[in-house]
Q: 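Would you mind keeping the following structure in view while I ask a few things?
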2 protein chains.
Amino acid sequence: MNNSEWLKVPVAQLNSTSKAAAEARQAVLTKPLGALGQLESIAIRLAAMQGKEKPTLERVRIVVFAADHGIAAEGVSAFPQAVTAEMVRNFANGGAAISVAAHELNAPLEVINLGTVVDPGPLPNVSDQRIAPGTANFSRQAAMTEQQLAQAMNIGRQSAERAVTKGMDLFIGGEMGIGNTSAATALACILTDNAVEALAGPGTGLDSKGVSHKITVIKAALDLHKSKIDSPVTALQYLGGFEIAALTGAFIACAQMGVPVLVDGFIASTAALVATQQCDGVGDWLLYAHASAEPGHKHIVKALQAEPLLDMGMRLGEGSGAAIAVPLLRMACALHNGMATFAEAEVSGNL
Amino acid sequence: MNNSEWLKVPVAQLNSTSKAAAEARQAVLTKPLGALGQLESIAIRLAAMQGKEKPTLERVRIVVFAADHGIAAEGVSAFPQAVTAEMVRNFANGGAAISVAAHELNAPLEVINLGTVVDPGPLPNVSDQRIAPGTANFSRQAAMTEQQLAQAMNIGRQSAERAVTKGMDLFIGGEMGIGNTSAATALACILTDNAVEALAGPGTGLDSKGVSHKITVIKAALDLHKSKIDSPVTALQYLGGFEIAALTGAFIACAQMGVPVLVDGFIASTAALVATQQCDGVGDWLLYAHASAEPGHKHIVKALQAEPLLDMGMRLGEGSGAAIAVPLLRMACALHNGMATFAEAEVSGNL
């Protein structure tokens, strides 16, 4: 299926009856109204998404998309490109942050290799769907062909569909790809109309000289491609990565199927930007886990009108920030579903 | 035991060897150093407190202290005083926010009644240790006698000691008491040298007229007592509440026994202020769960040099904000203990 067909499928509608029922319930639970802050609004949003007064988040599914980036050849990362495949192995073997967090959450973790330069070999729970050994170097040519873009977005869509078939209350998409903050920064500059200086940051740990070089590389690339970019998905094709395209496809598919998504940090939020700008109503289905320490994230958050739950200085990716926020969402549901009402508990209301 | 004896017991020392080992471990886990933000520093602090490279937080104990306040007679709360005892019943019956959260965390919840105006009757897991039917009205006289203060602090100390005897990795102290934001505000004004206007807020839901009245009442009370207050615990005696004194005693006892404390919001942070200002080194043992929506909390946080983990607009008390943050601390431990090192995973380091 090419993008021109499935991207036109409308997103699912929120359930206004369930939303109203959840709002009414929050108003009579034994606490001053509003005293649970964002936990109240999360429970209400999840009720509207799941179409039930008492939402649940037992079945969380995490998919990590991995791919390499041609732009890495320009020296824009603090880590060598081999790390992408090495981390795919680490995901599979349970040693990465997202592996540990998924285990803590009792959430299945699927890893999809969309194109590492190095073949990590056969691994448990890693699906080999390599499109190419990394994207092309977007400082010289488009990162992807139109066909590759469609393929990557489709892989994301299919991963969401498989998760829904297995049963899913919440989707988390993670990513791994050395060089991908450069791709995301370039994309986000176009989509938020910000200067590269405002959005570029250290990524995995560049020093200030490294960040300056990264800015120069991205600026030149934007000058090269800008005139050809006429839509969010075209920006994704010219500047993005396979894993960013897969995240975008997965987010749109979740919104079409009516499944809540918990969005991670800098890279995942950039995919959310593409998704929300390309397809009306996707934002209804997105919750934002955390404010990344990557300095440009705040501009992306602003453009998304997002209110991230956490701000703990995290900047790892892999979906780790989203995974860490899951217990807060589960607590929001438990409180909403399990607290007594003033009438049930025979507690007096306010004066 | 009166306060003059046990408050002089020195607090436990952090374990610098375990801290160094935890720091060294964080530096070799498969992630860019610092990429897990506050989760890294939490794991390191817990290692130093628990005296082991790999800290654990299985055994969390929550004690909620409840008591009434004479100041409620001045019309400083949006809820009637009967709610304190009604909520004690709600805690025991599992319907309150802290009851639901404790259940989610698999954490035992103990409720101690230090003095409600209404007798809630015998209840499971509620310990009746009533000192008096509420404190005296501090707008007219000292909230407590010296003897009552010592008794309340001792009840807090003993609750921490009992918890340690049963086995405890982390202590959470909650509170319930209609009128206790007025007591905490008065206390915090003295301890942080702030104007009442900077610290007074809506509490459970006063309107702006109600807040103005609360400010007038607290100002007059401070004028009445200020000259007699010569130490943090004297401020606690004149302006505090039984539950605030019990929290203070519990926090100091935890620090003396070397047990980490996760401090809740406005009221609990005020107790932490008394504890840290009265006894050297208590702050080493305190972690701060969240920034309360009660506007004065930020001044208390500043005085404590605290970095609350969450900022979700919560303002409920009961220890609920602390309970909600527990999964983040547990995740910090799980990541610290369970992630692979670069060597173990054969992942390349940075360039």
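In what follows, chains are A, B, ... by sequence order, proteins preceding strands, each numbered from 1. Since the structure is predicted, the reported quantities are computational estimates derived from the model, not experimental observations.
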Q: Heavy atoms only, distances under 4.5 angstrom: which of A/H103, A/E104, A/M339 has the most pairs with chain B? Name it, please.
A: A/M339
Q: Quick check for you: to the nearest 0.5 Å, what is the distance between B/L316 atom CG and B/I98 atom CD1?
A: 8.5 Å
Q: Checking A/A325 against chain B: side chain, backbone, both or neither under 4.5 Å from a heavy atom?
A: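 When you check distances to chain B, no heavy atom of A/A325 falls under 4.5 Å.
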Q: Identify which part of A/A293 has an atom lying under 4.5 Å from any heavy atom of chain B, answering side chain, backbone, both or neither.
A: neither
Q: Looking at chain B, which one of A/L39, A/L351, A/V100 has the largest number of heavy-atom pairs inside 4.5 Å, strictly under?
A: A/L351
Q: Which bit of B/F91 is near chain A, if near means a heavy-atom gap under 4.5 Å: side chain, backbone, both or neither?
A: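 Neither part; nothing is under 4.5 Å.
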Q: Would you give the length of the straight line joining atom CZ of B/R315 to atom NE2 of B/H297, rounded to the nearest 0.5 angstrom?
A: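 Atom-to-atom, B/R315:CZ and B/H297:NE2 are 14.5 Å apart.
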Q: For A/T84 and A/I178, indicate whether the former's side chain and the latter's backbone hold a donor-acceptor pair under 3.5 Å.
A: yes
Q: Start with the C-alpha gap between A/E318 and B/K31, add the side-chain angles, then the distance that decides, and say whether salt bridge (Lys or Arg N to Asp or Glu O under 4.0 Å) holds.
A: CA-CA 10 Å; A/E318 304 178 5; B/K31 57 175 176 56; over 6 Å; no
Q: Side chains of A/H69 and A/E74: donor-acceptor distance under 3.5 Å anywhere?
A: no
Q: For chain A, find which of B/D311, B/L328, B/L33 contributes the most heavy-atom pairs closer than 4.5 angstrom.
A: B/L328
Q: What distance separates B/Y288 OH from B/L262 CG, expressed to the nearest 0.5 Å?
A: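 Answer for the OH-CG pair, B/Y288 versus B/L262, is 10.5 Å.
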Q: Supply the atom-to-atom distance B/L36 CG to B/L29 CG, rounded to the nearest 0.5 angstrom.
A: 8.0 Å
Q: Heavy-atom pairs under 4.5 Å with chain A - which of B/N90, B/L309, B/L310 has more of them than the others?
A: B/N90
Q: Between B/T185 and B/K214, do the side chains contain an N or O donor and an N or O acceptor separated by less than 3.5 Å?
A: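 On atom types as modelled, these side chains do not qualify, holding no pair under 3.5 Å.
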Q: Identify which part of A/N93 has an atom lying under 4.5 Å from any heavy atom of chain B, answering side chain, backbone, both or neither.
A: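 For A/N93, there is no contact with chain B at all, as no heavy atom is under 4.5 Å.
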Q: Select, from B/M87, B/E40, B/E294, the one with the greatest count of heavy-atom pairs under 4.5 Å involving chain A.
A: B/M87
Q: Name the member of A/P80, A/G317, A/A332 that forms the most heavy-atom pairs with chain B at distances under 4.5 Å.
A: A/P80
Q: Below 4.5 Å, heavy-atom pairs only: which of A/A35, A/A97, A/G313 has the largest tally toward chain B?
A: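 Highest number of heavy-atom pairs under 4.5 Å: A/A35.
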Q: Based on non-hydrogen pairs under 4.5 Å, which of A/A78, A/A82, A/S99, A/S77 is most in contact with chain B?
A: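 When all of A/A78, A/A82, A/S99, A/S77 are compared, A/A78 has the most.
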